[in-house]
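Working notes for the structure below.
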Amino acid sequence: MKPIDFPEKYENLMRVAQQALAKQQYGQARELLQRAYELNETFEANSLLVFCLYELDEKKEALRQAILHEPQYLSTEEFAGFYFDLLIGVKDYLYARKLIASADFSDSFEQTLIEKIQYAEELSGQMERQKIRGIYQTIEKLPFAEPAQQLLLLNEVEQLPYHEFIQAVKKLIVTPEIHLLARARLLESLVQVKECTKFAYLTIEEKLIDVIPKKLPRPEEQKAFQELCQLADQYENQDAMLGASLKEEFAMQSALTYPIYDRYINHVEDWFELTIEAYGGIVREEKTEEQKEVFLEKRTKILAQLMKFQ
């Protein structure tokens, strides 16, 4: 006979959760309190759940849950102190100040909260400035780093405040020592946020062009790349392995030649057939020597960029 599943009771869950809390078993307590709160959305269950999340260092989720009972947290100084610790923990200093201004706390408690916020702001500011100084040191090293390392270091550069990031990008995307893939990634970052300022950009042709990121497609959205992929998809019916290799190469080409891929390859079908021929595949129509020479020169330039990752 199967055991009977008795329905969970709020009181039972709360009792077992409090036992788990006493033993500092926060993960178990969290699960029990979540189930208890689903049964009965009380402030008691919420405050204990929020405490668990805080101890588990899930401060954003703790605040998200606490906001559901904000008036109750602000009703006593004991709970309010904890609530403001949550706000300070996620660096929401402005909202914390607004709450203090609108609440009716004692002067001494209000002063304690304000001092705590000011200290956190100063500490956060110092850490932020330290971090930014470190990022600028990384930017200075970028031109001397290997291409693969440059791409990794861009993760740090992207953490700059937006206005400082823009200024850094302006310099990096016209620096010849910054690899084309790194330059393309920086430019694509501006495209993604629809930046409407005009920038100079150094292309694979070693020429400066003016670009407005907001008006540019992303690398994979370039018309030539999409048409080449369609042709590669069709070619897979004839040679699946070569078709897959073609798509990989075209993806890399579209990034390295960004944002001028359409113009760089000039004629999609000719470029496609010449690439097949370069792999030793069979083409429908023989190209002229001049076409082959131009293609070879351009493709060699792309492959030379890829070789820098070897």
Side-chain angles (χ1 to χ4, degrees), residues 147-148 150-152 154-155 158 169 172-173 178-196 199 201-207 209-310:
Q150 287 183 4
L151 290 173
L152 287 173
L154 290 186
N155 293 327
E158 289 170 350
V169 170
L172 292 172
I173 61 177
I178 301 299
H179 192 271
L180 275 165
L181 282 181
R183 278 183 254 156
R185 175 173 156 182
L186 288 167
L187 180 57
E188 186 182 3
S189 295
L190 301 181
V191 172
Q192 289 173 318
V193 296
K194 298 182 178 179
E195 174 60 46
C196 55
F199 292 80
Y201 184 79
L202 185 62
T203 70
I204 191 170
E205 296 173 327
E206 300 175 11
K207 294 179 181 177
I209 61 169
D210 287 332
V211 295
I212 298 176
K214 184 179 179 180
K215 296 182 179 180
L216 292 176
R218 294 176 65 175
E220 68 273 16
E221 294 170 344
Q222 294 176 102
K223 185 179 177 183
F225 173 66
Q226 293 183 337
E227 291 179 359
L228 284 166
C229 283
Q230 289 174 359
L231 291 171
D233 282 335
Q234 295 168 13
Y235 194 81
E236 280 186 329
N237 296 325
Q238 182 177 332
D239 188 331
M241 189 175 294
L242 179 53
S245 296
L246 289 170
K247 283 192 282 189
E248 287 179 10
E249 176 164 343
F250 296 146
M252 193 57 68
Q253 289 178 0
S254 72
L256 287 164
T257 61
Y258 188 60
I260 62 166
Y261 195 35
D262 295 355
R263 174 169 62 77
Y264 188 79
I265 69 170
N266 192 24
H267 191 278
V268 170
E269 290 189 359
D270 286 347
W271 186 270
F272 182 76
E273 293 209 345
L274 285 162
T275 306
I276 291 175
E277 190 174 13
Y279 276 92
I282 300 171
V283 295
R284 293 177 299 177
E285 183 182 336
E286 185 70 17
K287 306 302 177 188
T288 66
E289 288 304 314
E290 183 183 356
Q291 285 177 310
K292 290 180 181 180
E293 188 178 328
V294 171
F295 167 79
L296 181 61
E297 181 183 342
K298 289 187 173 184
R299 185 167 180 264
T300 299
K301 187 174 283 191
I302 293 172
L303 293 176
Q305 291 294 325
L306 286 176
M307 290 297 292
K308 293 180 181 181
F309 283 89
Q310 298 296 318

Q) So do the side chains of I276 and D239 get within less than 4.5 Å of each other, counting heavy atoms only? A) no
Q: Could you walk me through whether E273 and E277 pass the side-chain contact (heavy atoms from CB on, under 4.5 Å) test, one step at a time?
A: CA-CA 6 Å; E273 293 209 345; E277 190 174 13; over 6 Å; no
**Q.** Whether K223 side chain and D262 backbone form a donor-acceptor pair below 3.5 Å
**A.** no
**Q.** Closest heavy-atom pair and its distance - I204, K301
**A.** O-CD, 3.5 Å
Q.
Quick check: closest heavy atoms across T275 and R299, and the distance to 0.1 Å?
A. CG2-NE, 4.5 Å
Q. What are the two closest heavy atoms between A182 and L154, and how far apart are they?
A. O-CD1, 3.6 Å
Q) Looking at A184 and A255, what are the two nearest heavy atoms and their distance? A) CB-O, 3.4 Å
(Q) Can you tell me if K215 has over 12 outside heavy atoms packed within less than 6.0 Å of its NZ? (A) no
Q. Once you round to the nearest 0.5 Å, how far does CG of L256 lie from CG of L303?
A. 9.5 Å
Q) What distance do R263 atom CZ and Q222 atom CD have between them, rounded to the nearest 0.5 Å? A) 11.0 Å
(Q) Quick one, L216 with Y258, criterion side-chain contact (heavy atoms from CB on, under 4.5 Å). Give me CA distance, side-chain angles, the key distance, then yes/no. (A) CA-CA 10 Å; L216 292 176; Y258 188 60; 4.1 Å; yes
**Q.** L228 and Y261, any side-chain heavy atoms less than 4.5 Å apart
**A.** yes
Q) Could you state the interatomic distance from OG (S189) to CZ (R218), rounded to the nearest 0.5 Å? A) 9.0 Å
Q) Tell me, do T203 and T257 make a side-chain contact under 4.5 Å, heavy atoms counted? A) no
(Q) Whether E236 and K247 form a salt bridge (side-chain N of Lys/Arg under 4.0 Å from carboxylate O of Asp/Glu) is what I want to check. (A) yes
Q. Does a salt bridge link E158 with R185, judged by any charged N lying under 4.0 Å from a carboxylate O?
A. yes
Q: Decide yes or no for V211 and P259: does some side-chain heavy atom of the first lie under 4.5 Å from some side-chain heavy atom of the second?
A: yes
Q) Can you tell me how far CG of L296 sits from CG of L274, rounded to the nearest 0.5 angstrom? A) 10.0 Å
Q) How many angstroms lie between atom CG of L242 and atom CD of E249, to the nearest 0.5 angstrom? A) 10.0 Å
Q. For E293, does the CD atom sit with more than 12 other heavy atoms under 6.0 Å from it, leaving out its own atoms?
A. no
(Q) Tell me the closest heavy-atom pair linking V191 and P213, and the distance in Å. (A) CG2-O, 3.5 Å
Q. Mind checking whether F309 and H179 have parallel, tilted or perpendicular rings, split at 30° and 60°?
A. perpendicular
**Q.** Close side-chain approach of Q150 to K308, heavy-atom, < 4.5 Å
**A.** no
Q: Before giving the answer on side-chain contact (heavy atoms from CB on, under 4.5 Å), spell out for L231 and F250 the whole-Å C-alpha distance, their side-chain angles and the decisive distance to 0.1 Å.
A: CA-CA 11 Å; L231 291 171; F250 296 146; over 6 Å; no
**Q.** Approximate separation, where rounding is to 0.5 Å, of M252 CE and F225 CZ
**A.** 10.5 Å
(Q) Using a 6.0 Å cut-off, check whether atom CD of E206 has over 12 heavy atoms from anything other than its own residue. (A) no
**Q.** Student check: side-chain heavy atoms of Q253 and W271 closer than 4.5 Å
**A.** yes
Q. Under 3.5 Å, is there a donor-acceptor pair between the side chain of Y264 and the main chain of K298?
A. yes
(Q) Does the Lys NZ or Arg CZ of R183 fall within the cation-pi geometry relative to F199 - under 6.0 Å from the ring centre and within 45° of the axis? (A) no
Q | Heavy-atom pair of closest approach, residues A232 and L246 | A | CB-CB, 4.2 Å
